[in-house]
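Here's the structure, in structure tokens; my notes come after.
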Amino acid sequence: IEREVDHYAYFDSQDDAQKYADEAAAEGFSVQRCEKSAAEGDESYVVHLVRIHKAVPETVHEITGRLTKLAEANNGYYDGWGCAIVTGQ
């Protein structure tokens, strides 16, 4: 079942975070957040993306692999994904 899947990446600069967010948006991701981390003492910038897709290994590996490469190309790192559990019909 397709569902909203959250993806997160972190960057040291606002410019790098914004480039990543723009490139991900061009690939069909919805940018939920692109801002300085709210965690105390954390100076990084977080990008929170959402895209509707299946949460099965093949799909997740393909998407996370792409987002990891995209984050690394923009001097950041992909931190992971998460989604609500949805049962079949």
* With side-chain contact (heavy atoms from CB on, under 4.5 Å) as the test, would you mind laying out the steps for V46 and F11 before giving the verdict? => CA-CA 7 Å; V46 61; F11 302 85; over 6 Å; no
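- Note that the CD atom of E4 and the OG atom of S30 stand 8.0 Å from one another [nearest 0.5 Å].
- Taken from CD in E27 to CD1 in I63, the straight-line distance is 10.0 Å, to the nearest 0.5 Å.
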* To do: Any chance you could lay out the side-chain contact (heavy atoms from CB on, under 4.5 Å) test for D6 and W81, step after step, and finish with the verdict?
  => CA-CA 5 Å; D6 300 292; W81 65 279; over 6 Å; no
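- A donor-acceptor pair is defined here as one N or O able to donate and one able to accept, closer than 3.5 Å; no such pair exists between the side chain of R3 and the backbone of C83.
- Screening residues 11-21 for side chain to side chain donor-acceptor pair (under 3.5 Å), with sequence neighbours left out, gives S13-D16, D16-N75, Q18-D22.
- Following chains of ILVMFWY side-chain contacts shorter than 4.5 Å, one cannot reach Y10 starting from V47, and the two form parts of different hydrophobic clusters.
- Aromatic ring pairs are classed by plane angle as parallel below 30°, tilted from 30° to 60° and perpendicular above 60°; the pair H48 and Y8 is parallel.
- For the pair A71 and A9, the tightest heavy-atom approach, listed with the atom from each and the gap, is CB-CB, 4.5 Å.
- Residue-environment remark: CD (E2) exceeds the threshold of 12 foreign heavy atoms within 6.0 Å.
- Membership of an apolar cluster is not assigned to Y45, as no side-chain contact below 4.5 Å to another ILVMFWY residue is traced.
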* Stepwise side-chain contact (heavy atoms from CB on, under 4.5 Å) check, H7 with V50 -> CA-CA 6 Å; H7 298 273; V50 170; over 6 Å; no
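- The backbone N or O of A55 sits nowhere less than 3.5 Å from a side-chain atom of T59 that would complete a donor-acceptor pair.
- In this structure, CG on L70 lies 12.5 Å from OG1 on T64, to the nearest 0.5 angstrom.
- Of the possible donor and acceptor atoms, none in the side chain of R33 sits under 3.5 Å from a partner among the backbone N and O of V31.
- Residues V5 and R51 form no side-chain contact, since every pair of their non-hydrogen atoms from C-beta on lies 4.5 Å or further apart.
- Checked by atom type and distance alone, the side chain of N74 never pairs as donor or acceptor with a backbone atom of G76 at under 3.5 Å.
- Y77 places none of its side-chain heavy atoms less than 4.5 Å from the side chain of E72.
- Heavy-atom contacts from other residues, nucleotides or ligands closer than 6.0 Å to CD of E35 number more than 12.
- In this structure, V60 is a member of the same hydrophobic cluster as L49, with clusters built from ILVMFWY side-chain heavy atoms closer than 4.5 Å.
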